Structure formats: C-alpha cells, structure tokens
Amino acid sequence: MQNLKEENGFIDANLNEDGSVTFVMLESVQKKYLEDLKAAIRESCGELINEMEAISAIEYNDDVTSFTITTSSERVTLVEAALALGLLTSSGMYHVFSGAEVDNIHIEYVNVENGEVIHSIDSKDLGSET
C-alpha cells in the first residue's frame with residue numbers, strides 16, 4: 001500500500017475492517033483528480049456524440065449530478081439507455097473524490113425535434129421495487 005500512496009500523491013492510506021481503504025490526500029491532489037475526472041467525462045460525452053448518430057448533445061451541470069442527453073430518437077433505445085450506466089459511474093467516481101454526498105443523479109433524454117423529455121432516470125430510484 002505504501003507504493004500506491006506515494007505513486008498517487010496520497011498522504012496516508014488506511015485499510016478499514018470492512019476491507020475498504022481510506023485515503024488522505026492534499027487538497028491540490030484532490031483538485032487535480034477532480035479536474036481529470038471532469039475532463040474524462042467531457043471527453044467521453046464528446047466521443048459518444050461523435051459515435052452515436054442519434055445523440056446530438058450531452059450536457060451536465062457543474063457538480064455532475066444532472067445530465068441532459070439530446071437525441072433524435074422518439075423513444076430511448078437500449079444503447080442510449082446504456083449511456084446512463086456510464087454517466088452514473090463517472091459521476092459517482094467524481095463524487096467519491098469530491099467528498100460530497102449526493103442523494104441523486106438525474107439523467108434526462110430529450111427529443112431534439114420537439115424538446116420533450118422522452119425518458120428520465122434518477123439514481124435514487126435504481127434498485128428500488130415498484
């Protein structure tokens with residue numbers, strides 16, 4: 001664990017009883033991680049727009065808790081729905097490093113032609129029985 005600490009700029013790392021690890025880092029290291037994670041989200045969104053013909057835009061707020069996917073689809077396809085998993089994962093990783101507790105990550109799919117929300121996902125509802 002010592003090498004992992006030193007290689008990543010962490011001040012300390014503690015193995016917890018439950019098997020998780022708590023890292024302590026300088027604020028400057030945390031800021032760099034957050035910048036890098038946000039850049040990766042931006043890059044991934046750009047790649048998705050370029051690769052998926054139906055997707056024309058993916059916008060998100062500054063704290064990456066709300067995403068809007070603009071699509072030419074009239075209903076969300078399986079491939080478009082899979083985008084949500086990547087966005088939820090990326091946003092979750094961002095918040096692990098930010099230290100912010102996030103109650104919900106919201107994703108909306110909006111039809112480009114009429115501006116209507118055709119589907120939405122809230123992370124707080126995932127895994128709950130309906």
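Keep in mind that what you see is a predicted model, and the values were worked out from it rather than measured.
- Follow the hydrophobic side-chain contacts under 4.5 Å out from Val79 and you reach Ile118 in the same cluster.
- Lys38 contributes atom NZ, which lies 13.0 Å from atom OG of Ser90 (distance to the nearest 0.5 angstrom).
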For Asp12 and Phe23, what are the C-alpha separation, side-chain angles and deciding distance, and is it a side chain to side chain contact (heavy atoms under 4.5 Å, CB included)?
CA-CA 6 Å; Asp12 196 12; Phe23 291 102; over 6 Å; no
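- In terms of heavy atoms, Thr65 sits closest to His95 at CG2-NE2, 3.6 Å.
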Evaluate Phe67 against Ser91 for side chain to side chain contact (heavy atoms under 4.5 Å, CB included), listing each step before the verdict.
CA-CA 10 Å; Phe67 294 84; Ser91 179; 4.1 Å; yes
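- For the atom pair CD (Gln30) and CD (Glu35), the distance works out to 10.5 Å, reported to the nearest 0.5 Å.
- The number of heavy atoms from other shown groups lying within 6.0 Å of CE (Met52) is above 12.
- Minimum interatomic distance between Ser123 and Asp103 (heavy atoms only, all atoms of both residues): OG-O, 4.5 Å.
- Looking at Glu113, its side chain never comes within 3.5 Å of a backbone N or O of Ser72 through a donor-acceptor pair.
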Would Ile107 and Ile69 satisfy side chain to side chain contact (heavy atoms under 4.5 Å, CB included), going step by step from the backbone distance to the final call?
CA-CA 7 Å; Ile107 300 172; Ile69 301 170; 3.9 Å; yes
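- With hydrophobic clusters built from ILVMFWY side chains whose heavy atoms lie under 4.5 angstrom apart, Tyr33 shares a cluster with Leu26.
- Residue Ile105 is grouped with residue Leu126 when hydrophobic side chains (ILVMFWY) are merged at heavy-atom distances under 4.5 angstrom, including chains of intermediate members.
- Looking only at distances, no side-chain donor or acceptor of Ser120 sits under 3.5 Å from a matching main-chain atom of Glu108.
- Here the side chain of Asn104 pairs a donor or acceptor atom with the backbone of Lys124 at under 3.5 angstrom.
- The closest side-chain donor-acceptor pair between Glu80 and Thr71 falls under 3.5 angstrom.
- Closest approach of Leu34 and Ser98 over heavy atoms only: CD2-N, 3.6 Å.
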So Leu87 and Cys45, side chain to side chain contact (heavy atoms under 4.5 Å, CB included) or not? Walk me through it.
CA-CA 9 Å; Leu87 295 174; Cys45 288; 4.1 Å; yes
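- Take Tyr94 and apply the ring-ring contact (aromatic ring centres under 6.0 Å, His included) test, not counting sequence neighbours, and it matches no residue.
- Here NE2 of His106 is found 7.0 Å from OG1 of Thr68. Values are rounded to the nearest 0.5 Å.
- Proximity of Ile58 to Thr70: side-chain heavy atoms (C-beta onward) are nowhere separated by under 4.5 Å.
- No donor-acceptor pair under 3.5 Å is formed between the side chain of Asp122 and the backbone N or O of Asp125.
- Hydrophobic cluster membership for Val110: Val117 (Ile, Leu, Val, Met, Phe, Trp, Tyr linked by side-chain heavy atoms under 4.5 Å, directly or transitively).
- Residues Leu85 and Tyr60 fall into different hydrophobic clusters, defined by Ile, Leu, Val, Met, Phe, Trp and Tyr side chains chained together at heavy-atom separations under 4.5 Å.
- Ala84 and Ile121 get closest at one heavy-atom pair: CB-CD1, 3.5 Å.
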Is there a side-chain hydrogen bond (donor to acceptor under 3.5 Å, both in side chains) between Asn16 and Thr22 once you walk through the steps?
CA-CA 7 Å; Asn16 302 313; Thr22 301; 2.9 Å; yes
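- Heavy-atom neighbours of Glu27 CD from other residues, nucleotides or ligands within 6.0 Å: at or below the threshold of 12.
- Paired with Asn111 under the rule side-chain contact (heavy atoms from CB on, under 4.5 Å), one option of Arg75, Glu74, His119 passes, and it is Glu74.
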